[in-house]
Amino acid sequence: MNSKLDEFFKTERARVFEPDPYFTQRVMARLAAQISVQRENGIWDGVLSGARPVFALAMVLLLAFMAIQLFLPSMPEHGPIDAVLSPDQTDGEHLIFTGADPSSPELEKMIIITEDGQ
Amino acid sequence: MTFEPELVIRAQAGEGAAQEELVRQFSPMVFRLVSRFFRHREDVEDLAQDVFFKVFTRINQVRPDENFPGWLRRVTINTCYDELRRTRRRNAAFEIYGPQQESEPVAATEVLVEPGDFGIARVALDALDPKLKIPLILKEVEELSVAEIAQSLGITQTNVKVRLFRARKKLAANLAQSPELKRP
């Protein structure tokens, strides 16, 4: 059996494929193609393939947040309901709604007048 | 043709002509090595391309004083090893999940009958784990020394000897299981 195996290995030694004359050109073309693809996808090459969907999602969310910040008008500091009501509020009413303590006797008087008026 | 180490330095600098010259000089060696593990020309060609692709993407890892042909041989063997493992996994999955054979399975030896019973030896050799098959082929077919195999595989010489011993033992067992040999 060993002699047969030796014979087999001998035939295996003889079984060799040779590159054809265009092999070098094909390798160079593949390299060039890969380099151009790398240039196109430069940003993605730095990210592990498994992390790419997460990275893409994070980028979409970031862009969406930036777009919202850019296009939506900024909200008033005292809240949307106050913003709607504020044109009709007197100073006294404003103090009642906000719950602030009147710091001066004039303001206190104004509140009393407002409440009496209602 | 003698190899000029300067070619590697020029290829590292991205010079296309130097890269082309390296492919021209070393493609016969890469083809010969890949042919040891794969039997179809298309597979050999694809893997040889993969090898050169890997070589040029990692060429900056080669030191100017390093033995480039030795490094290239290591890359080639690693590429073959990865492909053999992939093929083995694919075949195993196909055996489990692939379509069921309706007729009686045909013995591999009946399909691969070749002059001198080499079909049996080929089937027995292909059934080996790539970890065992590669050192055995490098030793018996490529006729490398144990030290060269150890260097190519990045393992110790003792490890190579152990793998060679196991490979021969397993090959003998595979051959003994062959129905052709069991015949009286």
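The analysis underlying the following values was restricted to heavy atoms, covering all of them including side chains, and did not include hydrogens, waters or symmetry mates. Since we're looking at a predicted model, the values are computed, not measured.
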Strictly below 4.0 Å, N to O, side chains only: are A:R30 and B:D50 in salt-bridge contact? yes
Sequence neighbours excluded, the answer for ring pair (Phe, Tyr, Trp, His ring centres under 6.0 Å) partners of A:F9 is none
Which atoms of B:L22 come close to chain A, meaning under 4.5 Å heavy atom to heavy atom: side chain ones, backbone ones, both, or neither? neither
Are the side chains of B:R36 and A:E12 in contact, using a 4.5 Å heavy-atom criterion? no
Write out, in numerical order, the residues from residues 55-66 of chain A with a heavy atom short of 4.5 Å from a heavy atom in chain B. none
Applying a criterion of heavy atom separation less than 4.5 Å, what residues of residues 13-21 of chain A form contacts with chain B? A:R13, A:R15, A:V16, A:F17, A:E18, A:P19, A:D20
Establish whether B:F31 and B:M29 are linked, either directly or via other cluster members, by ILVMFWY side-chain heavy-atom contacts under 4.5 Å. yes
Around atom CZ of B:R166, are there more than 12 heavy atoms of other residues, nucleotides or ligands at under 6.0 Å? no
Answer with side chain, backbone, both or neither: which region of B:V141 has an atom nearer than 4.5 Å to a non-hydrogen atom of chain A? both
Say whether B:L132 and B:L136 are linked into one hydrophobic cluster, either directly or through other cluster members, by side-chain heavy-atom distances under 4.5 angstrom. no
Chain A shares the most heavy-atom pairs under 4.5 Å, among B:R39, B:E142, B:R32, with B:R39
If one checks every heavy atom of B:E143 against chain A at 4.5 Å, the contacting part turns out to be side chain
Contacting region of B:L171 [heavy-atom separation from chain A under 4.5 Å]: side chain
Pairwise distance CD(B:E140) to CG(A:D6) - rounded to 0.5 angstrom: 7.0 Å
Nearest 0.5 angstrom please: A:L5 CG to B:L175 CG, how far? 5.5 Å
Within a 6.0 Å radius of atom CD on B:E6, are there more than 12 heavy atoms belonging to other residues, nucleotides or ligands? no
Measure the OG1-CZ distance between A:T11 and B:R122 for me, rounded to the nearest 0.5 Å. 6.0 Å
For B:F38, all residues meeting ring pair (Phe, Tyr, Trp, His ring centres under 6.0 Å), sequence neighbours excluded: none
If you count heavy atoms of other groups shown closer than 6.0 angstrom to NZ of B:K54, is the number above 12? yes
With side chains defined as the heavy atoms from C-beta onward, is the minimum distance between A:F23 and B:V23 less than 4.5 Å? yes
Go through B:F53 and A:L31 one step at a time and tell me if the side-chain contact (heavy atoms from CB on, under 4.5 Å) criterion holds. CA-CA 7 Å; B:F53 188 71; A:L31 267 176; 3.8 Å; yes
Same cluster or not: B:W71 versus B:V34, using hydrophobic residues (I, L, V, M, F, W, Y) connected whenever any side-chain heavy atoms lie under 4.5 Å apart? yes
